[in-house]
2 protein chains.
Amino acid sequence: MPIDTKADLLDSAERAVRARGFDGFSYADLANDVGIRKASIHYHFPTKAALSVALMQRYATAIQEACTEIEDGTPTGSGRLAALIALYRGALNDGKSLCLCVSFSASRESLSPEVITHIGQFRAMIVRWLTGVFELGRQDGSISDVTAPAAEATATLSLLEGAQLGARAEEDIAMFDDALELLNTRLAK
Amino acid sequence: MPIDTKADLLDSAERAVRARGFDGFSYADLANDVGIRKASIHYHFPTKAALSVALMQRYATAIQEACTEIEDGTPTGSGRLAALIALYRGALNDGKSLCLCVSFSASRESLSPEVITHIGQFRAMIVRWLTGVFELGRQDGSISDVTAPAAEATATLSLLEGAQLGARAEEDIAMFDDALELLNTRLAK
DNA sequence: GTCTATAATTGGATAGAC
DNA sequence: GTCTATCCAATTATAGAC
């Protein structure tokens with residue numbers, strides 16, 4: 001059972017970014033959490049910028065795979081949208097965390113250009129995926145009142161991210177559920 | 001013409017928080033911006049926590065007054081909602097800033113309990129105000145398809161804040177407009 | 001009210017031993 | 001791969017002169 005320090009560091013860093021922001025944690029925090037000295041972290045990630053790039057890449061891949069899994073396991077538009085909502089809801093950790101993309105977006109000024117590019121690509125990927133979901137929901141009739149799938153997709157991503165922020169602000173997941181209530185009423189059960 | 005250093009510091013700090021987050025600026029930055037030495041700032045705001053409380057109080061008052069002005073100058077529900085959307089849009093500064101509440105919400109872990117309380121009160125105030133706007137919009141028929149004003153209000157605040165975050169992430173105000181497009185189609189011109 | 005000077009701590013990062 | 005030791009810059013904050 002080989003110990004994967006690099007993965008441990010990424011796990012610890014992701015938790016830290018999502019709970020405290022990119023400027024809110026240090027190599028000392030990671031060292032404490034993972035159980036090595038902070039100088040040793042530089043062996044795996046020479047700079048904090050390099051660490052952030054690795055974080056964002058791993059995250060984009062994971063969410064992309066999650067979306068594919070949703071498509072494989074859920075045939076209806078409403079079911080797929082509900083699954084994505086659940087994904088964003090789960091990232092909240094009872095209002096103590098944000099998803100990585102939201103946290104990074106708020107820390108924009110401290111990030112390297114490479115990460116900023118990745119954020120843009122990630123957001124575009126989610127909007128594309130959501131557009132497909134709304135198109136399907138219109139076809140199969142499982143999402144009501146869909147007239148403009150692309151506009152629905154952009155609005156839905158903003159709603160999800162804003163609802164996360166609100167729940168984080170008040171450290172109360174009920175805020176997220178309240179914000180999603182209206183969209184939920186449009187989904188076939 | 002008396003120089004109000006305290007107000008200058010608050011202005012500079014608000015710009016800094018909104019552009020770079022609460023952890024993203026220092027007293028050195030403010031000193032540079034305002035033109036005094038950083039030690040002098042402690043005369044006006046003993047700690048960064050005290051500064052953040054003053055910022056949040058001033059902001060809440062200003063937005064509350066802006067909402068009252070909207071009510072005074074705009075009779076319809078749709079007009080009032082459009083005016084609030086314009087307020088949030090204006091805070092973006094072409095995608096280079098967030099509003100103070102969104103920026104503070106993302107920096108939650110670095111804030112004093114007092115500021116966190118203020119954020120909760122501020123968000124509740126906005127939701128109350130928006131609920132009234134949607135009730136009016138239902139009565140005067142200027143906002144279409146309003147069935148649950150309170151749910152609309154929570155969803156709208158999340159949409160506004162999420163759209164700000166998206167526009168900031170991509171430093172493109174078009175992202176904000178895209179996210180608000182669907183809500184806009186429900187408003188009477 | 002603002003200054004200089006400085007304390008005390010922490011930040012990311014490097015060198016070189018093991 | 002991980003360690004100790006260290007560097008240098010930046011951070012919030014204080015003391016005391018003007």
Side-chain angles (χ1 to χ4, degrees), chain A residues 1-56 58 103-104 106-116, chain B residues 1-56 58 103-104 106-116:
Chain A
M1 199 176 294
I3 300 158
D4 192 343
T5 306
K6 196 160 187 166
D8 288 350
L9 285 169
L10 284 172
D11 291 344
S12 177
E14 183 174 328
R15 282 194 301 273
V17 170
R18 289 172 44 189
R20 304 192 295 277
F22 185 70
D23 296 318
F25 79 100
S26 70
Y27 271 31
D29 297 327
L30 300 189
N32 220 332
D33 196 26
V34 169
I36 59 175
R37 296 288 167 172
K38 66 173 182 162
S40 310
I41 302 176
H42 290 275
Y43 171 80
H44 301 281
F45 303 102
T47 64
K48 212 181 170 185
L51 170 61
S52 67
V53 171
L55 271 180
M56 192 63 213
R58 189 179 74 152
S103 188
F104 267 162
S107 310
R108 188 181 202 280
E109 211 67 13
S110 307
L111 302 176
S112 65
E114 198 176 344
V115 179
I116 291 174
Chain B
M1 201 175 291
I3 299 158
D4 192 342
T5 306
K6 196 161 189 166
D8 288 351
L9 285 168
L10 284 172
D11 291 342
S12 177
E14 184 175 324
R15 281 193 302 272
V17 171
R18 289 172 44 189
R20 305 192 293 278
F22 186 69
D23 296 319
F25 79 99
S26 71
Y27 271 31
D29 298 325
L30 301 189
N32 220 330
D33 198 24
V34 170
I36 59 175
R37 296 289 168 172
K38 63 176 179 161
S40 310
I41 302 176
H42 290 274
Y43 170 80
H44 301 281
F45 302 103
T47 65
K48 212 181 168 183
L51 170 61
S52 67
V53 172
L55 270 181
M56 192 63 212
R58 190 179 73 152
S103 187
F104 267 162
S107 310
R108 189 181 201 281
E109 211 67 13
S110 306
L111 301 176
S112 65
E114 199 176 344
V115 179
I116 292 174

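Just so we're on the same page: letters track the sequence lines, and every chain starts at 1.
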For [X] and [N], what is the distance between atoms [atom1] and [atom2] respectively, to the nearest whole Å?
{"X": "A:L51", "N": "C:dG11", "atom1": "CG", "atom2": "P", "result": "15 Å"}
{"X": "B:H42", "N": "C:dT6", "atom1": "NE2", "atom2": "P", "result": "17 Å"}
{"X": "B:K38", "N": "D:dT12", "atom1": "NZ", "atom2": "P", "result": "7 Å"}
{"X": "A:H44", "N": "C:dG12", "atom1": "NE2", "atom2": "P", "result": "17 Å"}
{"X": "A:N32", "N": "C:dG12", "atom1": "CG", "atom2": "P", "result": "13 Å"}
{"X": "B:F45", "N": "D:dT14", "atom1": "CZ", "atom2": "P", "result": "16 Å"}
{"X": "B:Y27", "N": "C:dC3", "atom1": "OH", "atom2": "P", "result": "15 Å"}
{"X": "B:K48", "N": "D:dA13", "atom1": "NZ", "atom2": "P", "result": "9 Å"}

Quick one: pull up [atom1] in [X] and [atom2] in [Y] and give me the separation to the nearest 0.5 Å.
{"X": "A:L51", "Y": "A:L30", "atom1": "CG", "atom2": "CG", "value": "6.5 Å"}
{"X": "A:D8", "Y": "A:H44", "atom1": "CG", "atom2": "NE2", "value": "9.0 Å"}
{"X": "A:I41", "Y": "A:K48", "atom1": "CD1", "atom2": "NZ", "value": "10.5 Å"}

Taking all atoms of both residues into account, what is the closest heavy-atom pair of A:A31 and A:R37, and its distance?
-> CB-C, 3.8 Å
From [options], nucleotide with atom closest to [X] side chain:
{"X": "B:R37", "options": "C:dC3, D:dT2, C:dG11", "value": "C:dC3"}
{"X": "A:I36", "options": "C:dG11, D:dT4, D:dT2", "value": "D:dT2"}
{"X": "A:A39", "options": "C:dT14, D:dA13, C:dT2", "value": "C:dT14"}
{"X": "A:Y43", "options": "C:dA13, D:dT2, D:dA13", "value": "D:dT2"}
{"X": "B:T5", "options": "D:dT12, C:dT2, C:dT14", "value": "C:dT2"}
{"X": "B:S26", "options": "C:dG11, D:dT2, D:dT11", "value": "D:dT11"}

Heavy-atom check, side chain of A:L55 versus side chain of A:F104, under 4.5 Å |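 Yes, side chains in contact.
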Hey, does A:F25 reach any base, or is it just sugar-phosphate, or nothing, if we go heavy atoms under 4.0 Å?
->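 Sugar-phosphate, no base atom in range.
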